Visitor: 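After the structure tokens below, expect a handful of questions from me.
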Amino acid sequence: MRRDPRAHRRIRSVSGEPAADQRILLAQTETGLAAVPLVAGEPATEIIELGGDGIAEWVAREEELRSPRWVIRSARDLYPRLLAAGVRLTRTHDLVLCHAILRDTDVVARPLAPSEDWIPRQPDTAEPALFDADERGGPMPIAELVAQYREQVRVIGSDRTGRLALLCAAESAGGLIAEEMRAAGLPWDADEHDRILTEVLGARPAGGGMPAHMLAHAEAVRFHLGAPGLHLDSHPKLLRALHRVGVNVESTSQWELGEISHPVIAPLLAYKKLSRLMSANGWAWLTEWVRDGRFRPVYIPGGVVTGRWASSGGGALQVPRILRPAVRADPGWMLVVADVAQLEPRMLAAMSADRAMAEAARGQDLYAGVVASGAVVTREEAKYAVLGAMYGATTGDSGRLVPRLRKVYPRAMHRVDEAARIGEDGGVVSTWLGRSSPRPDAGWQAQQAAATGADTDPADVKRARARARDRGRFTRNFVVQGTAAEWALIWLAEIRHRLRQLPDAAAPAPGSGPFARQAHLAFFLHDEVILHVPQEQADAAASAVREAAAVATRRLFGDFPIDVPLDLKIVRTAEK
DNA sequence: AGAAGTTGCGCG
DNA sequence: AAAGCGCGCAACTTCT
């Protein structure tokens with residue numbers, strides 16, 4: 001276990017105000033919803049039954065009076081119904097999300113006992129119904145919820161640095177934001193999407209089948225392969241046909257085909273490109289995923305072990321750049337589009353307190369700073385070197401450049417090299433706020449153990465070493481990717497907090513559901529946000545995004561001088 | 001027939 | 001099988 005004294009600082013709640021002490025458990029019951037005020041050290045006795053009516057008013061009143069942190073089992077289960085009923089929660093403690101963190105964390109002596117009862121449920125794809133107690137498996141007894149909360153409080157309290165308190169608050173805020181973004185949706189112009197598809201793929205045949213441009217490329221490929229009836233989507237068949245005309249590739253991947261000079265290559269690559277767009281985000285996707293001018297993906301906060309969000313359905317995190325112009329604000333509204341350039345190396349510089357690397361990170365372009373430091377000659381080299389350092393490249397151009405960074409940024413490089421070493425040895429590493437990597441599984445450990453015997457087959461030793469290095473690269477990247485995810489989470493929470501201070505919109509955006517009258521987050525992807533805001537509030541919302549970034553940086557790294565600059569635009573349509 | 005695994009490619 | 005991290009998804013092949 002590693003404790004960094006610089007992580008010790010007074011932690012405040014993520015919503016920006018000093019943490020209030022009031023906690024109220026909000027629990028699903030057989031008949032509806034119950035509120036249970038929680039007082040430290042006292043049994044939870046007062047249970048307030050909340051019927052279907054008046055919940056919104058009651059919660060709003062409590063928010064006003066006591067600004068409690070609502071203890072909930074899971075925003076994913078509970079919040080869609082609340083939102084549909086017009087209830088908004090400001091701050092929560094999400095027991096399911098925090099369970100995962102506090103169960104695995106390596107920064108305290110006695111983490112949470114793992115329990116199957118707290119594994120996230122599958123995302124609910126059905127339309128939210130109003131408190132009809134249809135929770136799968138039935139609602140969890142209040143006593144059990146309270147007991148789990150008290151255990152989580154114990155673990156958080158045992159971390160004297162306050163990191164876990166901040167992480168759990170941020171993670172819980174993420175749980176709310178994920179549901180709010182789904183409820184609001186990403187404004188999506190289906191006509192523009194259709195126009196792009198028609199332009200790129202060609203006219204859509206009336207009776208289904210392949211669009212014109214795709215068909216033309218496919219015919220060209222078949223012609224050059226001398227294979228009239230060839231099915232291009234079957235890799236084995238395509239590969240054999242390529243071999244017959246002397247294109248000796250081992251796979252049909254675009255990077256390998258791109259190396260070859262042959263008349264079939266150009267139409268084949270073009271076909272693959274179009275085919276991808278057609279199957280991933282074609283008209284079928286549009287019909288299935290865009291309703292009433294909104295794309296509503298399912299976000300899964302903490303869905304990646306590093307703490308990044310995952311998504312389920314709709315490919316929310318893979319929307320191709322070419323379709324970005326289909327993201328369009330409603331009339332009278334604007335988009336605020338913001339992302340961070342090179343977030344991960346900036347996090348590395350700060351978490352390793354590497355002042356030389358932080359100096360290189362000053363301003364908009366970290367890679368230019370690396371060139372200026374003299375470590376490498378071109379920006380391109382800087383990029384490969386930095387990525388190679390974080391991903392664990394050992395060979396190729398990238399691997400060749402990494403040692404140069406070790407000379408110029410020894411502290412930063414030591415941080416990732418050490419994480420890799422721990423991972424190779426089967427150990428656990430943690431992010432800046434204390435989210436820890438999974439332990440190696442039994443198979444991995446058995447393989448390593450088997451490879452240490454004196455009379456082991458050299459091939460087994462080699463395989464074991466390779467698996468150990470695989471894990472080293474994973475833990476190397478874990479600390480950086482995971483800390484970047486923490487920064488982004490706090491950024492999001494702070495944006496949300498600020499947007500809630502803005503007045504109601506002059507003109508509503510009817511498609512945005514509960515957020516029709518309020519500036520809101522509409523999309524989030526690792527280091528990028530899209531806000532949908534009334535146009536008269538666009539500047540204020542942009543300021544909120546900038547302030548939130550500054551606060552996130554300070555909350556994580558205090559006074560350490562690290563720049564985290566934003567590329568921010570106020571636009572009607574998201575650009576490519 | 002359906003589950004499970006593979007390939008390839010979109011995103012950061 | 002990109003030189004190196006993390007994902008989700010569609011379409012295909014192979015296994016049961």
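Atoms considered below: every heavy atom in the structure, side chains included; atoms not considered: hydrogens, waters and symmetry mates. Keep in mind the model is a prediction, meaning the values are calculated, not measured. Throughout, a chain's letter reflects where its sequence line sits, starting with A, and its residues are numbered from 1.
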Visitor: Looking at every strand, decide which applies to Glu256(A) at a 4.0 Å heavy-atom threshold: base, sugar-phosphate, or nothing.
Guide: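 Contact class for Glu256(A): none.
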Visitor: For Ala280(A), answer base if it contacts any base atom (sugar-phosphate contacts may also be present), sugar-phosphate if it contacts only those atoms, and nothing otherwise; contact means non-hydrogen atoms under 4.0 Å.
Guide: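 Ala280(A): no heavy atom of the nucleic acid under 4.0 Å.
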Visitor: Applying a 4.0 Å non-hydrogen cut-off, can you work out what Arg473(A) is touching in the nucleic acid: base, sugar-phosphate, or nothing?
Guide: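 Counting heavy atoms under 4.0 Å across all strands, the contact made by Arg473(A) is with sugar-phosphate only.
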Visitor: To the nearest Å, give me how far apart CG (Leu269(A)) and P (dG10(B)) are.
Guide: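 One finds 11 Å between P of dG10(B) and CG of Leu269(A), rounded.
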Visitor: Nearest to the Gln481(A) side chain among dG4(C), dG6(C), dC7(C), which nucleotide is it?
Guide: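 My answer, after comparing the listed nucleotides, is dG6(C).
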Visitor: Would you say His231(A) reaches dA11(C)'s phosphate, i.e. side-chain N/O to OP1/OP2 under 4.0 Å?
Guide: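 It does not, given that no N or O in the side chain of His231(A) lies less than 4.0 Å from OP1 or OP2 of dA11(C).
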Visitor: If we call it a pair only when both distances are under 3.5 Å in a Watson-Crick or G-U wobble match, what pairs with dC15(C)?
Guide: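 In the structure as shown, dC15(C) has dG2(B) as its Watson-Crick or wobble partner.
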Visitor: When you measure from the side chain of Arg546(A) to the backbone N and O of Leu566(A), does any donor-acceptor pair fall under 3.5 Å?
Guide: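 No, the answer is negative, given that no donor and acceptor are paired below the 3.5 Å cut-off.
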Visitor: So is Arg103(A) actually on top of Trp118(A)'s ring, under 6.0 Å and inside 45° of the axis?
Guide: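 No, cation not above the ring by the 6.0 Å, 45° rule.
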Visitor: Below 6.0 angstrom between ring centroids: does that apply to Trp285(A) and Phe295(A)?
Guide: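 So the answer is yes for these two rings.
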Visitor: Considering only heavy atoms from C-beta outward, does the side chain of Ser437(A) approach that of Arg471(A) to under 4.5 Å?
Guide: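 Contact flag for Ser437(A)/Arg471(A) side chains = yes.
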Visitor: What nucleotide among dG6(C), dG4(C), dG8(B) has an atom nearest to a side-chain atom of Arg276(A)?
Guide: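 Selected nucleotide: dG8(B).
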Visitor: Would you indicate, yes or no, if dG10(B) has its OP1 or OP2 atom less than 4.0 angstrom from a side-chain nitrogen or oxygen of Gln254(A)?
Guide: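 Yes, within the criterion.
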Visitor: Looking only at N and O atoms, is any donor in the side chain of Arg308(A) or the base of dG12(B) less than 3.5 Å from an acceptor on the other one?
Guide: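 Checked by distance alone, the answer is yes.
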Visitor: How long is the line joining CG of Leu317(A) and C1' of dG10(B), in whole Å?
Guide: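 Distance check: Leu317(A) CG to dG10(B) C1' gives 11 Å.
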Visitor: Using a heavy-atom cut-off of under 4.0 Å over every strand shown, decide if Val480(A) touches base, sugar-phosphate, or nothing.
Guide: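 It contacts nothing in the nucleic acid.
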Visitor: Counting distance alone, no hydrogens or angles: does the base of dG8(C) have a donor or acceptor under 3.5 Å from a partner atom on the side chain of Gln318(A)?
Guide: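 For Gln318(A), whose side chain was compared with the base of dG8(C), there is a donor-acceptor pair (under 3.5 Å).
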Visitor: I want to verify a distance call: between dC9(B), dG8(C), dG4(C), whose nearest atom is closest to the Ala310(A) side chain?
Guide: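 When the side chain of Ala310(A) is considered, dG8(C) is the closest of dC9(B), dG8(C), dG4(C).
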Visitor: Regarding Asp233(A), tell me which of base, sugar-phosphate or nothing describes its non-hydrogen contacts under 4.0 Å with the strands shown.
Guide: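 Sugar-phosphate contact only - Asp233(A) comes under 4.0 Å of backbone atoms but never of a base.
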Visitor: Using a heavy-atom cut-off of under 4.0 Å over every strand shown, decide if Phe478(A) touches base, sugar-phosphate, or nothing.
Guide: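 The answer is nothing, as Phe478(A) stays clear of every strand by at least 4.0 Å.
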Visitor: Take atom P in dG4(C) and the same atom in dG8(C), then report the distance between them in whole Å.
Guide: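 Pairwise P distance, dG4(C) against dG8(C), rounds to 22 Å.
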Visitor: Quick one: Lys383(A) NZ to dG4(C) C1', roughly how many Å, whole number?
Guide: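 One finds 14 Å between C1' of dG4(C) and NZ of Lys383(A), rounded.
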Visitor: Regarding dG8(C), can its base be found pairing with the side chain of Ser311(A) as donor and acceptor, where the two atoms are less than 3.5 Å apart?
Guide: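 Side chain to base: no pair below 3.5 Å.
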Visitor: At 4.0 Å (heavy atoms only), tell me whether Gly314(A) reaches a base, stays on the sugar-phosphate, or touches nothing.
Guide: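 Answer is sugar-phosphate: Gly314(A) comes under 4.0 Å of backbone atoms only.
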Visitor: Using a cut-off of 4.0 Å on non-hydrogen atoms, how would the nucleic acid contact of Thr306(A) be classed: base, sugar-phosphate, or nothing?
Guide: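 It contacts nothing in the nucleic acid.
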Visitor: Which residue, Asp397(A) or Ser279(A), contacts DNA chain C at a nucleotide closer to its 5' end, judged by nearest heavy atom?
Guide: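 The 5'-side residue here is Asp397(A).
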Visitor: Rounding to an integer number of angstrom, what distance separates dG8(B) and dA1(C) when you compare their C1' atoms?
Guide: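 Here dG8(B) and dA1(C) have their C1' atoms 12 Å from each other.
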Visitor: So if I take every side-chain heavy atom of Phe474(A) and compare against dG10(B), dC5(C), dA2(C), which nucleotide ends up nearest?
Guide: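 So the side chain of Phe474(A) is nearest to dC5(C).
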Visitor: Side chain to side chain contact (heavy atoms under 4.5 Å, CB included) with Trp491(A): which of Leu343(A), Val545(A), Val551(A)?
Guide: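 Between Trp491(A) and the candidates, side chain to side chain contact (heavy atoms under 4.5 Å, CB included) is satisfied uniquely by Val545(A).
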Visitor: Under 4.0 Å between a side-chain N/O of Ser312(A) and OP1 or OP2 of dG8(C), yes or no?
Guide: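 Result: no.
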Visitor: Does dG12(B) have OP1 or OP2 under 4.0 Å away from a side-chain N or O of Arg321(A)?
Guide: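 Arg321(A) to dG12(B) OP1/OP2: side-chain N or O found under 4.0 Å.
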Visitor: Is there side-chain contact between Ile490(A) and Leu166(A), with heavy atoms separated by less than 4.5 Å?
Guide: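 They are in side-chain contact.
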Visitor: Does dT13(C) have OP1 or OP2 under 4.0 Å away from a side-chain N or O of Ser234(A)?
Guide: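 The answer is yes; a side-chain N or O of Ser234(A) sits under 4.0 Å from OP1 or OP2.
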Visitor: Testing Asp527(A), Leu433(A), Leu492(A), Val340(A) one by one against Trp487(A) for a side chain to side chain contact (heavy atoms under 4.5 Å, CB included), which residue passes?
Guide: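 Looking at Asp527(A), Leu433(A), Leu492(A), Val340(A), the match for Trp487(A) under the side chain to side chain contact (heavy atoms under 4.5 Å, CB included) is Val340(A).
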Visitor: Less than 4.0 angstrom between a side-chain N/O of Lys273(A) and OP1 or OP2 of dC9(B), yes or no?
Guide: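 It does not, given that no N or O in the side chain of Lys273(A) lies less than 4.0 Å from OP1 or OP2 of dC9(B).
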